[in-house]
Participant: 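Here it is: the structure, laid out below.
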Amino acid sequence: LAQKLADAVVCVSPQGVSGVLTPKEAFARKNICHLFDLSDEQYTALFSEKPKPKFEHYIRSGQKLLRCGYTTGTCAALGAAGAARLLLTGKAPESVGLRTPKGIVVEVAPIYCRKTAAGAQCAIRKDGGDDVDVTTGLPVIADITLLPDAPGQVTIDGGPGVGRVTKPGLDQPVGQAAINHVPRRMITDALHAEAEAAGYDGGFDVMISIEGGEEAAKRTFNPHIGVE
């Protein structure tokens, strides 16, 4: 606050009282280390911005090394975990992670994780890696509401940007959100893990949406196979 509002700063420490300093001088690394008797290593550990986790996984295809991305379902499960953690602990996570059904650990930083009128929502940016698809770069958003009177229950539906099944024979029944059983299981497992960690016995209501998903779907074969 002093950095933003003050024209001059006086520092008080066990070593004594400083002279009148400018905010830039007062908050300079050298002065902070002097005030609190910190080494360079301690200053770095306390005040340096932590790098955001970056997913790095590669596979070889012929002579090429391809960077793997993660699925829309993985994003949905990560977002659900982040929103649930905010609701259950009161703290927005700096990163969320899970192990995919293939055994690959994915840890990423959310775009945002915030409270809503009904619960909380968390957005994860889709990263298709070198196998880019139409959803790459889009925010996948999980809105979570707690169901304290429904132990273990997880209900999952799709919001804006998530298609609905219009023809029989697909993974989900006609009329349901086109979220297949694997991502549904990933979302459920992620929420149960958050509940167990927080000592929460209730259930969750989940709404998954994709910002820009409606436009992206127009560039796919989804309407032809029965998802609109």
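Keep in mind that what you see is a predicted model, and the values were worked out from it rather than measured. Starting from 1, each residue takes its place in the sequence as its number.
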Participant: Is any side-chain heavy atom of Ser95 less than 4.5 Å from a side-chain heavy atom of Val108?
Facilitator: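 In short, these two side chains do not touch, never coming nearer than 4.5 Å.
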Participant: Check residues 138-156 and write down every donor-acceptor pair under 3.5 Å in which the side-chain atom is one partner and the other belongs to a residue at least two apart or another chain.
Facilitator:
from: Asp143; atom 1: OD1; to: Gln121; atom 2: NE2; distance (Å): 2.9
from: Asp143; atom 1: OD2; to: Gln121; atom 2: NE2; distance (Å): 3.2
from: Thr155; atom 1: OG1; to: Asp205; atom 2: OD1; distance (Å): 2.5

Participant: Please report the shortest heavy-atom distance between Ala8 and Val20, naming the atom on each side.
Facilitator: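 The pair with the smallest heavy-atom distance is CB-CG1, 3.6 Å.
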Participant: Sequence neighbours excluded, which residues qualify as side-chain contact (heavy atoms from CB on, under 4.5 Å) partners of Ser61?
Facilitator: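 Expected list: Leu66.
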Participant: Does Ile124 share a hydrophobic cluster with Ile104, counting links as ILVMFWY side-chain heavy atoms below 4.5 Å and allowing steps through other members?
Facilitator: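 Yes; Ile104 is reachable from Ile124 via cluster members.
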Participant: Looking at Asn222 and Glu228, would you say the former's side chain and the latter's main chain have a donor-acceptor pair under 3.5 Å?
Facilitator: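 Checked: no pair found.
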Participant: Taking only residues at least two apart or on different chains, which pairs with a member in residues 69-115 satisfy ring pair (Phe, Tyr, Trp, His ring centres under 6.0 Å)?
Facilitator: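 Non-adjacent pairs meeting ring pair (Phe, Tyr, Trp, His ring centres under 6.0 Å): Phe55-Tyr70.
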Participant: Measure the shortest side-chain to side-chain distance between Lys115 and Leu86 over non-hydrogen atoms and say whether it is less than 4.5 angstrom.
Facilitator: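 Answer yes - side chains close enough.
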Participant: What are the two closest heavy atoms between Ala80 and Ile187, and how far apart are they?
Facilitator: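 So the minimum-distance heavy-atom pair works out to CB-CG2, 4.0 Å.
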Participant: Restricting to non-hydrogen atoms, name the atom on Asp171 and the atom on His181 that form the minimum distance, rounded to 0.1 Å.
Facilitator: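 Where Asp171 meets His181 most closely, the heavy atoms are OD2-ND1, 2.6 Å.
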Participant: Applying the 4.5 Å side-chain criterion to the ILVMFWY set and letting contacts propagate, would Leu98 and Leu87 be lumped into a single cluster?
Facilitator: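 Result: no, two separate clusters.
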Participant: Search all heavy atoms of Asn180 against all heavy atoms of Gln172 and return the closest pair with its distance.
Facilitator: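 Distance-wise, the nearest heavy atoms are C-NE2, 4.0 Å.
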Participant: What residues, two or more places apart in sequence or in another chain, satisfy side chain to side chain donor-acceptor pair (under 3.5 Å) together with Lys218?
Facilitator: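 Result, side chain to side chain donor-acceptor pair (under 3.5 Å) vs Lys218: Glu215.
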Participant: Mind checking side chain to side chain donor-acceptor pair (under 3.5 Å) for Thr100 and listing every partner two or more places apart, or none if nothing turns up?
Facilitator: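 With sequence neighbours excluded, Thr100 shows a side chain to side chain donor-acceptor pair (under 3.5 Å) to no residue whatsoever.
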Participant: I want to check something: taking the side chain as every heavy atom from C-beta on, are Ser39 and Cys33 in contact at a cut-off of under 4.5 Å?
Facilitator: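 They are not in contact (no side-chain heavy atoms under 4.5 Å apart), so the answer is no.
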Participant: Does Pro173 offer a backbone N or O that forms a donor-acceptor pair with the side chain of Gln176 under 3.5 Å?
Facilitator: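 Side chain of Gln176 to backbone of Pro173, a donor-acceptor pair under 3.5 Å: no, none is there.
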Participant: To the closest 0.5 Å, what do you measure between CD (Glu94) and CD (Glu107)?
Facilitator: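 The CD atom of Glu107 is 10.5 Å from CD of Glu94, to the nearest 0.5 Å.
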Participant: Return the minimal non-hydrogen interatomic distance between Ala83 and Cys122, and the atom names on each side.
Facilitator: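 Of all heavy-atom pairs spanning Ala83 and Cys122, the closest is N-CB, 3.6 Å.
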Participant: Would you say Arg60's side chain and Leu65's backbone share a donor-acceptor pair under 3.5 angstrom?
Facilitator: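 No.
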Participant: Mind checking side-chain contact (heavy atoms from CB on, under 4.5 Å) for Ala177 and listing every partner two or more places apart, or none if nothing turns up?
Facilitator: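 Result, side-chain contact (heavy atoms from CB on, under 4.5 Å) vs Ala177: Asp157, Val162, Arg164, Ile179, Arg184.
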Participant: Would you name the heavy atoms of Asp130 and Arg67 that are closest together and state the gap between them?
Facilitator: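 Asp130 and Arg67 have their closest heavy atoms at OD2-N, 2.7 Å.
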Participant: If hydrophobic clusters are built by linking Ile, Leu, Val, Met, Phe, Trp and Tyr wherever their side-chain heavy atoms come under 4.5 Å apart, do Val106 and Met186 end up in the same one?
Facilitator: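 Per the 4.5 Å side-chain linkage, Val106 and Met186 are co-clustered.
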Participant: Quick check: is Leu78 connected to Val182 through a chain of hydrophobic side chains (ILVMFWY, heavy atoms under 4.5 Å apart)?
Facilitator: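 Val182 clusters together with Leu78.
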Participant: Kindly compute the distance separating CG (Asp189) from CD (Glu194), expressed to the nearest 0.5 Å.
Facilitator: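 Going from CG on Asp189 over to CD on Glu194, the span is 12.0 Å.
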Participant: Side chains of Thr135 and Lys126: donor-acceptor distance under 3.5 Å anywhere?
Facilitator: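 There is such a pair (donor and acceptor under 3.5 Å, judged by atom type) between the side chains of Thr135 and Lys126.
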Participant: Group every Ile, Leu, Val, Met, Phe, Trp and Tyr by side-chain heavy-atom contacts under 4.5 Å, then state whether Val206 and Ile210 land in the same group.
Facilitator: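 Yes.
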